[in-house]
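In what follows, a structure is listed as structure tokens, so that the remarks can point back to it.
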Amino acid sequence: MKQRTALDILKMGHNVFLTGPAGSGKTFLLNQYIGYLKGKNIGVAVTASTGIAATHMNGQTIHSWSGLGIKDVFTEADFSKLKSRHFIKQRLKKTKVLIIDEISMFHAHQLDIVNSICKRFKEPFLPFGGLQVILCGDFFQLPPVAKYGRKACFVIESGAWAETNPKICYLEEQHRQEDKKMLKILNDIRSRTCDTETMGMILSRENQPIKNSIAPTKLFTHNANVDAINDFELQKIEEEPREFHMTSTGIENLVNTIKKGCLAPEKLILKKGAVVMFVKNNFERGYVNGTLGKVTGFEESGLPIIQTLLGKTIIAIPEKWSIEENDVTLASVTQVPLRLAWAITVHKSQGMTLDAVEMDLSKSFEYGMGYVALSRVRRLDGIKLLGINEVALEVNPIVFDLDRELEKLSDINSSEVDEMGWLGKRKKQKEFVEKNANSKKPPKTG
């Protein structure tokens, strides 16, 4: 499905599962729709299963937004306690559209609880209380984390999924990879057709240097060594350190949520010569989340000057990450949008676009880990492979079968929308806006 068709379906008010390969523009499309809803004065809750994903869209975790928190079971006492919270009641009253990004990492039973919470505050006999629900993600990427020996179940196995019956929008356009070999590798992993040719292309990058002036980011499957490597490399540089401290405003627990998710450290220590990456998208200033660079100095006010891998010089001006709800900023943090980038974990790389990566997949332990790592990179020659095991290229057989079915359903939905014609689509979209737009209060006078 093309992005414009998926946007038409969203604007008609359908419940949607927005999916597609890494780099197909899912988050970009969500941001388009969020802007559209705000322009029409329709209350939208922007959430994600992880704090990192939520900060990409100025949202919050679904756990925080819904009041679910860290609970795996929600009792009647929990529901009663939640109903006594005025801000939850007001939040759900204003909300007409609920977006949950990175849904692949959300548990089935958690989605069922969120469904029940919404019903308690809105229409009790409608899925999610009558909200338009948009689930977004790719099941080939990292799955839910299983706790205490409990089996991890994808949201598609939930009762809420069956109730919601989302229309499938499977994006097919590719906006990240620029290399046919890289695209073939990723498509072969998804289709479980990795053969000797595919493996040959991957292994052709084993211990091969990357031709660039900046040390490539090391991508690890485990967290243990990442901070140690970054600190060690920074200490090796014999230059004066500069410190940049995060500032914050708003509700304390939401501020803490942003701090955990934005990837920019509370105290950022830089030196001339440090390898860094930008951790926010700013297309106007010429960087995206994952753009690699090196600190070449500091300008008069002390801000770092970064030369990117592609040779562009950028002054790293502080950026704001915020949690917004119905056009009100509830909390925000401000920091220079950089982190040390000699090393990062595969989990934290999800959502990034990287130019040069030195990756070790020899300790891969989870379906999707190799796919996520490889799909971060634009070109095959941007990879130096340190090691790989059999698990790295494996995909969940359940996900493989599901993906084929999702593609077919998306094709059907695409054809149906095309057959509606321009006037038919516009009529449906107008009806959705008229039904859900919040009335604006007249300005106070006197």
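Computation of the quantities below employed the complete heavy-atom set of this structure, encompassing side-chain atoms and omitting hydrogens, waters and symmetry-equivalent molecules.
- No side-chain donor-acceptor contact under 3.5 Å links Ser322 to the backbone of Ala331.
- Phe278 and Tyr287 have parallel rings, their planes meeting at less than 30° on a 0 to 90° scale where 60° marks the start of perpendicular.
- Under a 3.5 Å cut-off, the side chain of Ser49 and the backbone N or O of Glu102 do form a donor-acceptor pair.
- Under 4.0 Å is where a charged nitrogen must lie from a carboxylate oxygen, and between Asp8 and Arg4 no such pair does.
- In terms of modelled atom types and a separation under 3.5 Å, the side chain of Lys83 and the main chain of Arg120 share a donor-acceptor contact.
- In this structure, Thr50 and Thr61 have side chains that are not in contact, with every pair of non-hydrogen atoms separated by 4.5 Å or more.
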**OP:** List the steps and the verdict of salt bridge (charged side-chain N to carboxylate O under 4.0 Å, His left out) for Glu358 and Arg205.
**Re:** CA-CA 10 Å; Glu358 191 174 289; Arg205 298 306 305 164; over 6 Å; no
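- With 3.5 Å as the limit, one finds a donor-acceptor pair spanning the side chains of Glu319 and Asn282.
- Ring centers of His63 and Phe106: under 6.0 Å apart, within the cut-off.
- The backbone N or O of Ala392 sits less than 3.5 Å from a side-chain atom of Asn389, completing a donor-acceptor pair.
- By the neighbour-count criterion of 12 heavy atoms within 6.0 Å, atom NZ of Lys181 is sparsely surrounded, having that number or fewer from other residues, nucleotides or ligands.
- Side-chain atoms of Asn436 do not come within 3.5 Å of backbone N or O of Ile42 as any donor-acceptor pair.
- Heavy atoms from other residues, nucleotides or ligands lying under 6.0 Å from NZ of Lys428 number 12 at most.
- In this structure, the side chain of Gln208 does not engage the main chain of Leu385 through any donor-acceptor pair within 3.5 Å.
- Between Asp195 and Thr198, the side chains place a donor N or O and an acceptor N or O closer than 3.5 Å (distance only, hydrogens not considered).
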**OP:** Would you check, one step at a time, whether the test salt bridge (charged side-chain N to carboxylate O under 4.0 Å, His left out) holds for Glu163 with Lys119?
**Re:** CA-CA 12 Å; Glu163 267 192 64; Lys119 287 180 176 182; 2.8 Å; yes
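- A salt bridge does not link Glu206 with Lys384: every distance from a Lys NZ or Arg NE/NH1/NH2 to an Asp or Glu carboxylate oxygen is 4.0 Å or more.
- The 12-atom threshold is not exceeded at CZ of Phe125, counting heavy atoms of other residues, nucleotides or ligands nearer than 6.0 Å.
- In this structure the side chain of Val275 reaches within 4.5 angstrom of the side chain of Leu292, judged on heavy atoms.
- Shown here is Arg85, whose CZ atom has more than 12 heavy atoms of other residues, nucleotides or ligands within 6.0 Å.
- Within the 3.5 Å criterion, the main-chain N or O of Gly137 finds a donor-acceptor partner in the side chain of Thr19.
- In this structure, the side chain of Ser410 does not engage the main chain of Glu407 through any donor-acceptor pair within 3.5 Å.
- In terms of heavy atoms, Gln3 sits closest to Glu173 at N-OE1, 3.4 Å.
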Original post:
Can you list the steps and then say if Thr75 with Asp78 is a side chain to side chain donor-acceptor pair (under 3.5 Å)?
Top reply: CA-CA 5 Å; Thr75 65; Asp78 292 322; 3.1 Å; yes
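- Salt bridge status for Lys26 with Asp138: absent, with no side-chain N to carboxylate O gap under 4.0 Å.
- A cation-pi geometry, defined here as NZ or CZ lying under 6.0 Å from the six-membered ring centre and within 45° of its normal, holds between Lys11 and Tyr36.
- Under the 30°/60° scheme for interplanar angles, the aromatic rings of His107 and His109 are found to be tilted.
- The side chain to side chain contact (heavy atoms under 4.5 Å, CB included) with Leu131 is formed by just one residue from the set Leu98, Asn115, Val97; it is Leu98.
- With a 4.5 Å cut-off on side-chain heavy atoms, Ile383 and Ile210 do not count as touching.
- Using modelled atom types and a 3.5 Å distance limit, the side chains of Ser415 and Asp418 yield no donor-acceptor pair.
- The shortest heavy-atom contact between Ala316 and Leu338 is CB-CD1, 3.8 Å.
- Judged by distance alone, the side chain of Glu157 and the main-chain N or O of Phe154 form a donor-acceptor pair under 3.5 Å.
- In this structure, Lys218 contributes its side chain and Asp360 its backbone to no donor-acceptor pair below 3.5 Å.
- Contact check for Gln429 versus Phe432: no side-chain heavy atoms found under the 4.5 Å cut-off.
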**OP:** Show the numbers, then the answer: is there a salt bridge (charged side-chain N to carboxylate O under 4.0 Å, His left out) between Lys211 and Asp381?
**Re:** CA-CA 8 Å; Lys211 296 176 182 177; Asp381 59 13; over 6 Å; no
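- Here the side chains of Leu393 and Tyr371 are not in contact, with every heavy-atom distance at 4.5 Å or above.
- Counting non-hydrogen atoms of neighbouring residues, nucleotides and ligands closer than 6.0 angstrom, the CZ atom of Phe87 exceeds 12 such neighbours.
- The side-chain heavy atoms of Asn15 and Ile134, taken from C-beta on, include no pair separated by under 4.5 Å.
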**OP:** Any chance you could lay out the ring-ring contact (aromatic ring centres under 6.0 Å, His included) test for Trp161 and Phe17, step after step, and finish with the verdict?
**Re:** CA-CA 10 Å; Trp161 179 283; Phe17 174 47; 5.2 Å; yes
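- Counting non-hydrogen atoms of other residues, nucleotides and ligands closer than 6.0 Å to CZ of Arg404 gives a total above 12.
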